[in-house]
*Asks:* 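Pasting a structure below so you can have a look.
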Amino acid sequence: MRGRLVSRRIDEVLREGERLVKAGVKELLVISQDTSAYGVDIKYAPAPWRDQTYQTRFIDLARGLGSLGRGYACTTCIPIPTWTKSSP
């Protein structure tokens, strides 16, 4: 993994998770170069999903994925000072 961090908008990730759950996936795995920096590069852009607005932050991603009713795991999380809230 090289280069600058590039975050996907949260609504894209949550819609993908939703499609995977509908397809029968039992667990979602979030893999990234630096999960704790998720959204920093796009200034935590807000986006609508399921009649709510989520910010492109890991805490909102965790809440959204948790609402899908499947387990999820996160790997390669390298904490940085910009992450001030813990996941649920």
Side-chain angles (χ1 to χ4, degrees):
M1 293 188 259
R2 296 176 185 223
R4 295 182 178 184
L5 297 174
V6 179
S7 299
R8 288 176 56 200
R9 284 177 35 136
I10 194 164
D11 56 324
E12 293 174 10
V13 178
L14 292 173
R15 280 195 311 270
E16 182 177 353
E18 199 168 38
R19 282 192 303 272
L20 291 167
V21 167
K22 286 179 183 175
V25 169
K26 304 243 186 285
E27 182 179 72
L28 301 167
L29 179 60
V30 178
I31 302 172
S32 72
Q33 182 175 345
D34 187 348
T35 305
S36 63
Y38 178 55
V40 171
D41 58 318
I42 56 175
K43 298 181 175 43
Y44 309 108
W49 182 68
R50 288 189 169 179
D51 299 323
Q52 292 186 21
T53 299
Y54 289 81
Q55 286 189 311
T56 303
R57 292 181 181 270
F58 183 74
I59 188 72
D60 280 8
L61 180 62
R63 287 186 183 127
L65 292 175
S67 76
L68 293 174
R70 296 290 193 272
Y72 66 91
C74 168
T75 188
T76 62
C77 184
I78 305 166
I80 60 171
T82 59
W83 189 19
T84 58
K85 297 180 182 178
S86 62
S87 63

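What you see is a predicted model; the values in this text were computed from it and never measured. In what follows, every heavy atom counts, from backbone to side chain, and hydrogens, waters and symmetry copies are set aside.
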*Asks:* Report the residues that fulfil side chain to side chain donor-acceptor pair (under 3.5 Å) with E12, sequence neighbours left out, ordered by chain and then residue number.
*Replies:*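 Here no residue qualifies.
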*Asks:* Tell me, which pairs form a salt bridge (charged side-chain N to carboxylate O under 4.0 Å, His left out) where one or both residues lie in residues 46-56, sequence neighbours left out?
*Replies:* E18-R50
*Asks:* Please name all residues satisfying side chain to side chain contact (heavy atoms under 4.5 Å, CB included) with L20, sequence neighbours left out, ordered by chain then number.
*Replies:* E16, V25, L28
*Asks:* Can you tell me how far the NZ atom of K26 sits from the CZ atom of R70, to the nearest 0.5 Å?
*Replies:*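 Answer rounded to 0.5 Å: 6.5 Å.
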*Asks:* How far does CZ of R8 sit from CZ of R15, to the nearest 0.5 angstrom?
*Replies:*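 So the gap between those two atoms works out to 9.0 Å.
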*Asks:* To the nearest 0.5 Å, what is the distance between CH2 on W49 and CG on L14?
*Replies:* 5.0 Å
*Asks:* Using modelled atom types only, decide if a donor and an acceptor are shared between the side chain of D60 and the backbone of Q55 within a distance under 3.5 Å.
*Replies:* yes
*Asks:* Looking only at non-hydrogen atoms, find the nearest pair between D11 and P48 and report the distance.
*Replies:* CB-O, 3.5 Å
*Asks:* Find out if a path of hydrophobic residues (ILVMFWY) with successive side-chain heavy-atom gaps under 4.5 Å connects I42 to L61.
*Replies:* no
*Asks:* Any non-hydrogen side-chain atom of Y38 less than 4.5 Å from a side-chain atom of V13?
*Replies:*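 Yes, close enough: below the 4.5 Å cut-off.
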*Asks:* Closest heavy-atom contact between T56 and A45?
*Replies:* OG1-O, 2.6 Å
*Asks:* Where is the tightest heavy-atom contact between S7 and D41, given as atom of each residue plus distance?
*Replies:* OG-OD1, 2.5 Å
*Asks:* Looking at L68 and G17, what are the two nearest heavy atoms and their distance?
*Replies:*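 Shortest heavy-atom separation between L68 and G17 comes out as CD1-C, 3.7 Å.
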